[in-house]
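Along the sequence shown, residues are numbered consecutively beginning with 1. All ligand and atom numbering here is 1-based and tracks the order in the structure. A quick note: this is a predicted structure, and the numbers were derived from the prediction, not measured.
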Amino acid sequence: MKVQTILVHIAVLCFLLCLSVDRVSGQEKKLVCYFPNWTQYRPAPGTFKVKDIDPFLCTHLVFAFSKVVNNFLRGYEYNDDTSWRQFNALKNSNPQLKTLLGVGGYSHGAAPFTAMVATAGNRKTFIDSTIQLLRTRGFDGLDFDWEYPGDSVASDKQNFAILLREFRTAVQEEASRTGRPPLLLAAAVAAGITRAEKAYDVPALNQYLDFVSIMTYDYHGTWEKVTGLASPLAAPAGDDLNVESTVQWYMGQGLTPQKLVMGLPAFGRSWTLASVSDTSVGAPAPTPGTKGRFTGEPGMLSYYEICEYLYRGMTQTLQLDPLGQVAYGNLGNQWVTFENISTLNTKLDYILNNNFAGAMIWSLDHDDFTGAFCAQGRNPLFSAVSSRIKNAGTGSFTTPIVTSAPITAAPTTAAPTTRVPTTPPPTTPPPPPPTTTRRTTRRTTAAPTTVRTPATSPGRAGSPDAPFECPDDKGGYGYYPHPTKCNIYFTCYAFLPIEVSCPFDWNFNPRAQHCEKDYSCGA
Ligand SMILES: *[C@@H]1O[C@H](CO)[C@@H](O)[C@H](O)[C@H]1NC(C)=O
Ligand SMILES: *[C@@H]1O[C@H](CO)[C@@H](O)[C@H](O)[C@H]1NC(C)=O
């Protein structure tokens with residue numbers, strides 16, 4: 001009788017264990033995406049607002065950022081309340097979506113965090129008021145973006161761990177009191193091992209957080225005077241500035257794959273080379289790259305700004321670092337390291353083969369969200385990652401590397417008609433025709449050869465001084481020649497024309513849809 005009872009217990013225990021193991025390995029993968037508050041101030045068409053977010057691309061959206069002021073969570077912007085409401089209203093379109101409020105960020109500074117975590121009273125003020133704020137504004141959780149605990153005060157590490165423990169307890173109490181699903185707790189953590197050692201009690205992160213996003217990018221940047229890869233997957237022995245080393249360190253410290261979300265950049269880093277005769281990784285590059293036309297920050301470019309570089313000739317210099325699996329190239333003396341769909345796919349292989357919880361991407365505004373720059377449809381990078389993450393749920397880890405660009409991610413959780421209408425009106429570019437070179441596949445969204453006929457050409461094309469008007473034959477999108485200058489073309493985004501010059505002495509060929517050496521507009 002006793003033996004039988006024990007056997008039954010063992011059977012039940014095994015059943016539960018097996019169930020939970022199954023649940024863990026079959027858990028839905030996450031795609032955690034950041035929305036920065038300041039991209040609303042970029043010049044069009046780089047302006048990125050909440051309405052530009054596709055609610056079906058990511059599983060988790062993080063609003064970046066809010067701040068800590070006297071132990072309370074506060075917004076940054078005069079319009080944060082409105083932005084938060086719009087942000088959380090994305091869940092009306094996609095009820096599966098989870099939203100988190102990020103607190104901290106690069107420019108926040110550590111002092112308000114240090115003071116908040118330092119005493120039990122301050123922590124309680126923060127925890128209680130934050131739970132209330134998240135609930136009243138409709139967020140599903142909080143994302144800690146403290147850069148970085150332990151940078152100047154050693155006790156941060158322990159106090160941050162205590163905060164997380166107390167926050168977890170409070171979140172569970174609130175959930176059982178209200179009967180609502182518990183708020184999510186997450187953090188974005190440093191990639192540098194030296195910094196992470198001082199900052200994090202990793203077992204505490206693993207125990208109290210729902211997931212931990214490692215910012216596995218910015219290993220190299222223009223704080224160094226030589227070119228380097230921003231997010232190398234691996235590096236030669238002895239160089240631990242790479243994704244694999246970071247991930248292995250965190251796992252060695254006790255971060256489990258089920259909590260590990262690996263960071264991916266949708267932006268590139270750029271340098272101005274000392275000389276165009278040395279364009280290798282590690283080449284002398286004393287100054288940051290020229291600032292992007294829309295992002296406006298020296299040494300950094302959005303993917304869509306990089307597409308302009310590619311289009312203007314950088315494709316001819318494009319290289320793949322074999323160990324790092326990062327793309328790099330140069331346009332004249334501008335040297336750029338970045339991720340494209342292929343390199344992201346390689347990183348996704350790594351994430352899925354290791355059965356990590358998913359991927360994080362910084363940030364939504366850096367992708368070609370308009371589809372006007374890369375000729376790969378809207379959100380080409382996020383769509384590529386998103387489809388891998390969604391397919392991973394079905395257990396297929398052998399998805400081949402995607403070499404051609406998906407046009408848009410198919411919404412899997414709702415009918416297309418329930419999508420939030422994003423402005424401007426959705427126009428999916430036609431699928432690229434088969435072409436022999438990548439240069440031409442990059443430019444496929446515009447009208448073919450009829451752009452200069454009276455019916456579709458801009459109304460004022462005849463008068464050289466009038467502003468260019470985007471024709472509506474493609475719904476206000478596409479590439480069009482300048483009415484009089486052969487070396488200039490226009491990228492149209494929602495009827496907004498952006499004037500672009502061809503590189504060198506090349507000219508825009510409207511039929512081929514790109515700039516060409518020796519092309520002449522005559523006749
Ligand atoms: C957005 O958040 C950052 C902190 O991450 C803050 O410094 C900034 O003032 C906020 N607003 C803008 C327009 O950048
Ligand atoms: C990504 O860049 C590499 C070179 O670094 C290139 O071989 C590959 O074709 C590119 N992939 C796409 C989809 O553009």
Side-chain angles (χ1 to χ4, degrees), residues 57 217 219-220 227-236 242-243 264-271 273 278-283 285 289 301-332 334-351 359 361 366-389 391 399-409 429 431-445 513-515:
L57 282 178
Y217 39 78
Y219 288 98
H220 297 283
T227 62
L229 304 173
S231 187
L233 194 50
N242 63 81
V243 177
L264 306 167
F267 60 93
R269 292 276 168 197
S270 67
W271 282 261
L273 292 166
D278 187 356
T279 60
S280 58
V281 178
L301 293 168
S302 281
Y303 179 62
Y304 63 90
E305 291 170 326
I306 293 168
C307 281
E308 274 195 357
Y309 278 42
L310 289 167
Y311 175 51
R312 288 169 58 202
M314 195 167 76
T315 44
Q316 289 153 355
T317 65
L318 206 57
Q319 303 279 329
L320 180 71
D321 184 81
L323 269 181
Q325 290 294 320
V326 174
Y328 65 94
N330 65 293
L331 182 67
Q334 296 298 300
W335 194 97
V336 188
T337 164
F338 67 103
E339 305 292 326
N340 64 18
I341 293 171
S342 319
T343 64
L344 288 178
N345 264 305
T346 308
K347 292 189 162 100
L348 260 296
D349 289 339
Y350 182 74
I351 290 170
I361 308 182
H366 285 309
D367 201 354
D368 186 16
F369 60 93
T370 64
F373 291 87
C374 305
Q376 296 173 323
R378 289 186 171 205
N379 300 306
L381 301 184
F382 279 77
S383 299
V385 174
S386 183
S387 67
R388 292 292 303 276
I389 292 285
N391 289 335
T399 319
I401 290 180
V402 181
T403 47
S404 65
I407 298 303
T408 47
T435 46
T436 47
T437 71
R438 206 147 55 79
R439 282 180 59 73
T440 51
T441 59
R442 289 201 163 275
R443 300 278 124 177
T444 51
T445 56
Q513 291 288 299
H514 61 68
C515 298

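- Residue Gln376 has no N or O atom closer than 3.5 Å to an N or O atom of ligand 2.
- The aromatic rings of Phe373 and Tyr304 lie tilted to each other, with the angle between the two planes from 30° to 60°.
- For Leu318, the heavy-atom gap to ligand 2 drops under 4.0 angstrom.
- A side-chain donor from one of Gln376 and Tyr303 sits under 3.5 Å from a side-chain acceptor of the other.
- With a heavy-atom cut-off of 4.0 Å, Leu320 touches ligand 2 through backbone and side chain alike.
- Glu305 meets the salt bridge (Lys or Arg N to Asp or Glu O under 4.0 Å) test with no other residue; sequence neighbours excluded.
- Proximity to Gln319 (heavy-atom distance under 4.0 Å) selects the following atoms of ligand 2: 4 (C), 5 (O).
- For ligand 2, the atoms lying closer than 4.0 Å to a non-hydrogen atom of Ser342 are 1 (C), 8 (C), 10 (C), 11 (N), 12 (C), 13 (C).
- Listed by chain and number, the residues in a side-chain contact (heavy atoms from CB on, under 4.5 Å) with Ala283 are Thr227, Leu273, Asp278, Ser280 (sequence neighbours excluded).
- Within ligand 2, the atoms closer than 4.0 Å to a non-hydrogen atom of Ala327 are 2 (O), 5 (O), numbered from 1 in the order shown.
- One distance of note links CZ of Phe338 with OG1 of Thr343; it measures 7.5 Å at 0.5 Å rounding.
- Leu344 has its side chain within reach of Leu264: a pair of non-hydrogen atoms, C-beta onward, lies under 4.5 Å apart.
- Residue-to-ligand polar distances keep Thr343 apart from ligand 2: every N/O pair is separated by 3.5 Å or more.
- Below 3.5 Å of separation, one finds an N or O of Asn340 facing an N or O of ligand 2.
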